[in-house]
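Before any comments, here is the structure.
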Amino acid sequence: MNLPAVPVGRFAPSPTGPLHFGSLVAALGSCLEARARGGRWLLRIEDVDAPRCRPEHAAAILRQLEACGFAWDGAVMVQSRRSGRYAEVLDRLKALGAAYPCACTRAELAGAPAGSDGAPVYPGACRDGLPPGRRARAWRLRVTGEIGFDDLVQGPQHQDLPRAAGDGVLLRADGPYAYQLAVVVDDADQGVDHVVRGADLINSTARQIHLQRALGLPTPQYAHLPVALDAAGRKLSKQTRAAPVDARDPWPALRAAATFLGMPAPAGRLAGTDFWQWAHIHWTLAGVPREKSLPARHPPPSASV
Ligand code: GLU
């Protein structure tokens, strides 16, 4: 008998800093959507890019999520413990002829035209074999063709992969496996069928679908939420000094995140289980604004640091 698969969603923060309003929006949207579908909601720490991540930030994120009343299912997956699994998948891609070694240095690629995310598109010098006398520094994924998908928030999307992204790195010259490889392997291994995350990642989705197809993995449904902008119009991030969510009183930030996601303004100062009961009743993915970015209204300008 074929049992219906349990819906699975996830929140996958990178511990490059504590949780801020922008990441709280992704946590809240992904959690409410998974629960609305009667599914499981998983937490994954995406620290595959070790030089940018810190264990103390991962610990802070867990504390902040707990203070907010988020309750994830099962153990937290941690990417830095999974390099053996990524190595296995890279070997499979090599065996399939989908991955190839690359000798190019950053300096050699600096002049290449930029793709859709502003990074240089690989011009293909090593695509048909390493030039004589050069040795492999990185491994790349061979991409071809166009990828389309229907985003549940942003609508139909389309990307000409070789032009917009090119042959992306799978294993970096400085050691770490690439985010694109780790995220595809982890989503598949965790049975994630709905990915709800910030629209700053929408440009990566076609690459991830291509990789899923190369590996014969199912493609989840995608829903890209608007990204929160600060008063200067920049994405909230560690680089723009976004204020951490206050673990002593996270409720104003959670109420603001709910409003940001298109939910009606909560009556009064809902907190604790009252907030969560209200949020589960009022959440709908159809109510999320169909924008790639929106100004954040939290914290109020006078309170920002
Ligand atoms: N780790 C990524 C971030 O914190 C999110 C990746 C994803 O949701 O696919 O921006």
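Each ligand, and each atom within it, is numbered from 1 in the order the structure gives. Values in this document were obtained by computation on a predicted structure and should not be read as measured data.
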**side-chain contact (heavy atoms from CB on, under 4.5 Å) involving Arg163 - partner list, sequence neighbours excluded** = Asp160
**Message:** As a test of understanding, state which of Asp186, Asp91, Asp189 forms a salt bridge (Lys or Arg N to Asp or Glu O under 4.0 Å) with Arg85.
**Reply:** Asp189
**Message:** Taking Leu294 as the starting point, is it possible to reach Trp283 by hopping between hydrophobic residues whose side chains are less than 4.5 Å apart?
**Reply:** yes
**Request:** Just say parallel, tilted or perpendicular for the rings of Phe260 and Phe21, cut-offs at 30° and 60°.
**Result:** perpendicular
**Request:** Measure from NZ or CZ of Arg140 to the centre of the six-membered ring of Tyr122, then state whether that distance is under 6.0 Å and the direction lies within 45° of the axis.
**Result:** yes
**Prompt:** Do NZ/NE/NH1/NH2 and the carboxylate oxygens of Arg172 and Asp49 come within less than 4.0 Å?
**Reply:** yes
**Request:** Taking only heavy atoms of the protein into account, state which residues are under 4.0 angstrom from an atom of ligand 1, in chain and number order.
**Result:** Arg10, Ala12, Pro13, Ser14, Glu46, Tyr179, Val183, Arg197, Leu201
